[in-house]
2 protein chains.
Amino acid sequence: MVSQINGSVVKAFQILQLFEPGRPELTAAIAAEKLGMNMVTAHRFLRTLELTGAVVAVSRGAYQLGFTLVDLGERAANQTNLSNVVQPVLEDLTATVEESSMASLFDGEKAVCIARAVAARPLFVDVKKGSRLEAYCTAHGKLWLAHLPEDQLARYLDTVELRPMNSSRSITREELVEELASVRAEGLSFNRGEREAEINAVAVPVLSRSGKMICGISVFGATGRMTDAAMQSFIAPMRSAAARVEALLYGPGAAATSSSESGIDT
Amino acid sequence: MVSQINGSVVKAFQILQLFEPGRPELTAAIAAEKLGMNMVTAHRFLRTLELTGAVVAVSRGAYQLGFTLVDLGERAANQTNLSNVVQPVLEDLTATVEESSMASLFDGEKAVCIARAVAARPLFVDVKKGSRLEAYCTAHGKLWLAHLPEDQLARYLDTVELRPMNSSRSITREELVEELASVRAEGLSFNRGEREAEINAVAVPVLSRSGKMICGISVFGATGRMTDAAMQSFIAPMRSAAARVEALLYGPGAAATSSSESGIDT
DNA sequence: CACATCATTTCTATATTAGAAATACTAATT
DNA sequence: AATTAGTATTTCTAATATAGAAATGATGTG
């Protein structure tokens with residue numbers, strides 16, 4: 001045995017994971033059924049979780065996720081230095097594809113660079129940690145826009161001015177919306193000289209277990225080398241880089257929330 | 001005994017609570033010392049929490065909060081219908097002070113009304129659920145601005161135009177900043193006819209365990225009745241309303257994160 | 001290089017938990 | 001309004017899972 005695992009704690013988290021979108025409330029009966037445990041046991045777990053503040057009773061026997069988890073989640077988000085997590089992954093990625101790479105967050109308007117790895121080949125791009133990239137004309141930006149809730153996207157489109165960043169022709173709102181649909185569908189976005197004439201880029205998202213976009217990862221370089229074929233060939237290593245970041249954030253044992261029967265027994 | 005409490009789960013959450021601001025990483029030794037448990041036990045809890053994804057190992061024996069908690073926190077935040085939680089509290093508050101009350105969130109620019117209770121006395125204010133109130137000239141807005149991180153406040157002040165909403169004279173940026181400092185210090189803000197000439201308001205924040213502002217609660221009414229003395233007398237019931245909301249969000253047992261020795265020792 | 005510190009494993013006694021059965025609520029149906 | 005059905009909740013007890021002592025392994029320091 002590697003290390004004695006505390007079954008109660010595991011079960012407690014299994015119960016918390018039952019609060020999926022679409023099931024805001026949980027009762028002992030449902031938890032017991034879903035996890036194959038006795039209802040008495042499920043009830044006791046819910047009571048214990050209530051004591052810790054992880055769930056809150058909303059009516060007799062019905063529980064909701066509690067704000068203690070919101071607090072913990074925020075602490076986790078703040079303490080996780082995403083830059084540091086992503087940095088080594090970017091370096092490996094750049095070593096593999098032999099082009100520069102970077103990672104981004106979104107500030108509501110632009111994509112913000114949080115880490116980057118420069119390829120051996122010199123490149124004249126001024127992007128560094130903290131740089132804010134126009135959203136509508138960058139691979140990162142389009143990825144973020146594609147993952148935005150409808151209303152927020154509409155608000156963005158209402159306020160942004162889609163002017164061409166270089167000599168290339170400007171994009172219309174309709175064209176952008178259409179492109180974002182396919183970006184969302186494929187989980188992949190491109191930038192073909194839209195921000196800087198001589199720079200192409202591909203970007204993929206790092207996703208949370210629930211499908212929310214955590215950060216973007218891109219590979220970019222001179223248009224001469226970053227042909228469509230080259231970019232296509234980068235996709236696989238980029239996806240695995242994204243998967244590595246996800247693993248670093250969530251830990252090893254945390255398999256996807258498959259729910260249904262159970263998973264761990266004894 | 002009310003209900004058998006699962007000690008392991010309680011301990012697991014005690015460990016998670018040890019990740020306070022300033023302590024991003026935790027080791028078995030520290031957890032054991034802080035909670036008065038055996039190091040072996042602490043180690044096993046950390047391993048179990050790692051399995052659930054609640055913490056992630058960053059180096060031998062050192063753990064950080066994991067992204068599973070970020071996900072859970074988001075679910076908790078989304079599933080908690082703050083409006084419904086606050087509504088009954090507002091109604092009680094309004095019944096007590098005999099003036100209208102409302103609760104707000106902040107969308108980055110304005111205070112958004114999420115619930116309200118109208119007093120028996122008729123009032124000609126057009127605020128309803130969803131209404132967005134200018135921040136710099138309302139009690140709610142100023143409360144939110146006062147709780148904003150410095151950089152975000154600076155950005156707000158750079159973009160907003162501080163024009164008077166009615167015949168009253170306009171406020172300067174300096175005056176506003178000064179007022180916000182005292183709002184923050186007192187956890188209390190006023191609006192004396194700044195948005196609508198004949199309406200005064202007082203607002204207090206609902207805070208998270210870690211001090212983050214969750215929502216604002218205000219009482220407002222015609223200037224004739226809402227004298228300074230009256231508003232002062234409303235503060236106590238407003239504070240207790242805020243405390244009630246906090247209790248509803250966090251549950252009963254979740255005492256403030258006092259840390260130090262322990263708390264539960266069966 | 002040896003020591004000290006801390007992480008990790010092994011082993012076992014015992015405290016804790018899981019479940020059966022009984023009891024208390026609550027709500028739906030007639 | 002009364003009966004019933006379906007859950008929630010409590011009580012009690014056996015057996016399991018956990019806590020801790022001691023041993024071992026890793027890591028970094030004087």
Side-chain angles (χ1 to χ4, degrees), chain A residues 1-16 18-19 23-52 54-66 251-253 261-266, chain B residues 1-16 18-19 23-52 54-66 251-253 261-266:
Chain A
M1 184 188 294
V2 195
S3 187
Q4 206 177 73
I5 293 301
N6 187 310
S8 294
V9 175
V10 173
K11 283 176 206 154
F13 274 90
Q14 287 180 320
I15 288 182
L16 291 179
L18 291 178
F19 289 92
R23 187 190 288 121
E25 286 185 18
L26 202 60
T27 65
I30 295 174
E33 187 217 322
K34 290 281 172 193
L35 298 177
M37 56 170 61
N38 192 294
M39 190 209 285
V40 180
T41 305
H43 170 248
R44 283 195 281 234
F45 270 105
L46 285 168
R47 289 298 279 264
T48 301
L49 288 169
E50 184 188 14
L51 191 75
T52 67
V55 305
V56 180
V58 289
S59 60
R60 186 185 153 84
Y63 297 86
Q64 277 190 352
L65 289 176
E261 277 319 306
S262 165
I264 289 162
D265 41 18
T266 70
Chain B
M1 183 188 293
V2 195
S3 187
Q4 206 175 74
I5 292 301
N6 188 309
S8 294
V9 175
V10 173
K11 283 176 205 153
F13 274 89
Q14 288 180 319
I15 288 182
L16 291 179
L18 291 177
F19 289 91
R23 187 190 290 122
E25 287 185 16
L26 202 62
T27 65
I30 294 174
E33 187 217 322
K34 290 282 173 193
L35 298 178
M37 55 171 60
N38 192 293
M39 191 208 286
V40 180
T41 305
H43 169 247
R44 285 195 281 236
F45 270 105
L46 284 168
R47 289 298 278 263
T48 302
L49 287 170
E50 184 189 14
L51 191 75
T52 68
V55 305
V56 179
V58 288
S59 61
R60 186 185 154 83
Y63 296 87
Q64 274 188 355
L65 289 176
E261 279 317 306
S262 165
I264 289 162
D265 42 18
T266 60

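Here is how names work: the chains are called A, B, and so on, in the same order as the sequence lines, proteins then strands, and each is numbered from 1.
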Options D:dG20, D:dT7, C:dC6, nucleotide nearest the side-chain atoms of A:M39
D:dT7
Taking C:dA18, C:dA20, D:dA19 as options, the one with an atom nearest any side-chain atom of B:S8 is D:dA19
Are any non-hydrogen side-chain atoms of A:N6 and B:R47 less than 4.5 angstrom apart?
no
Report the distance from atom [atom1] of [X] to atom [atom2] of [Y], rounding to the nearest 0.5 Å.
{"X": "B:I5", "Y": "A:T52", "atom1": "CD1", "atom2": "OG1", "answer": "9.5 Å"}
{"X": "A:F45", "Y": "A:L26", "atom1": "CZ", "atom2": "CG", "answer": "13.0 Å"}
{"X": "A:F13", "Y": "B:T48", "atom1": "CZ", "atom2": "OG1", "answer": "10.5 Å"}
{"X": "B:Y63", "Y": "B:I15", "atom1": "OH", "atom2": "CD1", "answer": "10.5 Å"}

Quick check on DNA chain D: between A:N6 and A:A62, whose nearest nucleotide comes earlier from the 5' end?
A:A62
Calculate the interatomic distance between [X] atom [atom1] and [N] atom [atom2]; express it in whole Å.
{"X": "B:H43", "N": "C:dC6", "atom1": "NE2", "atom2": "C1'", "result": "10 Å"}
{"X": "B:M37", "N": "D:dA21", "atom1": "CE", "atom2": "C1'", "result": "17 Å"}
{"X": "B:F45", "N": "C:dA7", "atom1": "CZ", "atom2": "C1'", "result": "17 Å"}
{"X": "B:I15", "N": "D:dT18", "atom1": "CD1", "atom2": "C1'", "result": "14 Å"}
{"X": "A:E25", "N": "D:dT7", "atom1": "CD", "atom2": "C1'", "result": "15 Å"}
{"X": "B:I5", "N": "D:dT10", "atom1": "CD1", "atom2": "P", "result": "10 Å"}
{"X": "A:N38", "N": "C:dA20", "atom1": "CG", "atom2": "C1'", "result": "8 Å"}
{"X": "A:I30", "N": "D:dT7", "atom1": "CD1", "atom2": "P", "result": "9 Å"}

side-chain N/O [X] vs [N] OP1/OP2, d < 4.0 Å:
{"X": "B:T27", "N": "C:dA7", "result": "yes"}
{"X": "A:S3", "N": "C:dT8", "result": "no"}
{"X": "A:K11", "N": "C:dT17", "result": "no"}

Result for 5'-nearest mapping on DNA chain C, choosing between B:R44 and B:A29, is B:A29
Does B:R60 make a side-chain donor-acceptor contact with the base of D:dG28, cut-off 3.5 Å?
no
How is A:R47 classified with respect to the nucleic acid when contacts are heavy atoms under 4.0 Å: base, sugar-phosphate, or nothing?
sugar-phosphate
